[in-house]
Amino acid sequence: ASQVAFHSEQTSVVVEGAIARIEHAMVFRNHGRGDGEGTFLLPMPKGAVFDSMEIIIDGKKVGAEVLDAKDAREAYEAVVRAARDPALLEYVDATTVRLRMFPVPPGGDFPVTLRYVVPLEERGRFHELAIERMRPVATTAPGESRLPGASKGDLEIRIMGRGSNPLLASPTHKYQT
């Protein structure tokens, strides 16, 4: 069993008109003694469209390439066989993506940043954005039990535009404006 676990996240949201640009910077950590491979299911907001994914390898940012599912899986598996540092992100359904990563060095971290755009839902005169923390769940294969990861991190929201006093509300968290 893999010892790679979700460690932390930082989320930044910029609201412009009726869309939100979201950036999730996550860190996964290998608690094992050998190279680890991690597979995680990540919940996504309804209507999310990916903009980019970035990983950090040896302190350098590496961008992702968008491929169709078959080509992406073949490329990932070839890189795993060569023991290089890849990550694969693929849609499971409309609100879930699967993130695979290998190798994560023993005791090491695997930083991943996902960026995507979400349309805001109209509620009368207002726009609504429901923000959930990623809370990735580890899985080794579809249908197997899923283990929740740790969930700690920060959330920053910036609202851009002409209105200087937007109405903010959160039914679950305290916030500062």
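Keep in mind it's a predicted model, so treat the numbers as computed, not measured.
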Mind listing the closest non-hydrogen atom pair of G17 and L120 along with its distance?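 Looking at all heavy atoms of both residues, the shortest contact is O-CD1, 3.5 Å.
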So which atom in P106 and which in D35 form the shortest heavy-atom distance, rounded to 0.1 Å?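 Scanning both residues, the minimum pair turns out to be CD-OD1, 3.5 Å.
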Count I, L, V, M, F, W, Y as connected when their side-chain heavy atoms are under 4.5 Å apart, and connections chain through other members. Are V62 and L99 then in the same cluster?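 Cluster IDs for V62 and L99 match.
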Does V27 share a hydrophobic cluster with M53, counting links as ILVMFWY side-chain heavy atoms below 4.5 Å and allowing steps through other members?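 No; M53 is not reachable from V27 via cluster members.
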Which residues share a side chain to side chain contact (heavy atoms under 4.5 Å, CB included) with Y91, sequence neighbours left out: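 Once residues adjacent in sequence are excluded, the partners of Y91 under the side chain to side chain contact (heavy atoms under 4.5 Å, CB included) criterion are F50, V97.
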Side chain to side chain contact (heavy atoms under 4.5 Å, CB included) partners of T96, counting only residues at least two apart: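 Applying side chain to side chain contact (heavy atoms under 4.5 Å, CB included) to T96 gives L41, V92, D93.
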Check step by step if side-chain contact (heavy atoms from CB on, under 4.5 Å) holds for E23 and Q10. CA-CA 8 Å; E23 179 178 292; Q10 288 188 318; over 6 Å; no
Rounded to the nearest 0.5 Å, how far does CD1 of I157 lie from OG1 of T11?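 Between T11 OG1 and I157 CD1, I get 9.5 Å after rounding to 0.5 Å.
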Between atom OG of S52 and atom CG of L89, what is the distance when rounded to the nearest 0.5 Å?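 One gets 10.5 Å once the value is rounded to the nearest 0.5 Å.
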How about F6 and F40: are their ring centres within less than 6.0 Å of each other?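 F6 vs F40: aromatic centres not under 6.0 Å.
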Check whether N30 reaches the backbone of V104 with its side chain - one donor and one acceptor, N or O, closer than 3.5 Å.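 A pair under 3.5 Å: yes.
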Is the shortest heavy-atom distance from the side chain of [X] to the side chain of [Y] under 4.5 Å?
X	Y	value
Y116	P45	yes
V112	F28	yes
R100	E90	yes
Q3	R29	no
V49	D51	no
M26	L42	yes

Go through T113 and I55 one step at a time and tell me if the side-chain contact (heavy atoms from CB on, under 4.5 Å) criterion holds. CA-CA 6 Å; T113 300; I55 59 177; over 6 Å; no
Listed by chain and number, what are the salt bridge (Lys or Arg N to Asp or Glu O under 4.0 Å) partners of R21, not counting sequence neighbours?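 Partners of R21 by the salt bridge (Lys or Arg N to Asp or Glu O under 4.0 Å) criterion, ordered by chain and then number, come out as E16.
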Residues in side chain to side chain donor-acceptor pair (under 3.5 Å) with E128, at least two apart?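 Checked E128 against side chain to side chain donor-acceptor pair (under 3.5 Å); matches are R123.
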Salt-bridge present (K46, E121; N to O < 4.0 Å):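 Salt bridge flag = no for E121 with K46.
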Other than V117, which residues form its hydrophobic cluster under the rule that side-chain heavy atoms must be closer than 4.5 Å?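 Other cluster members: I19.
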Run through the side-chain heavy atoms of Ile, Leu, Val, Met, Phe, Trp and Tyr, join any pair under 4.5 Å, and report what else lands in I56's cluster.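 The other cluster members (ILVMFWY side chains, heavy atoms under 4.5 Å, direct or chained): none.
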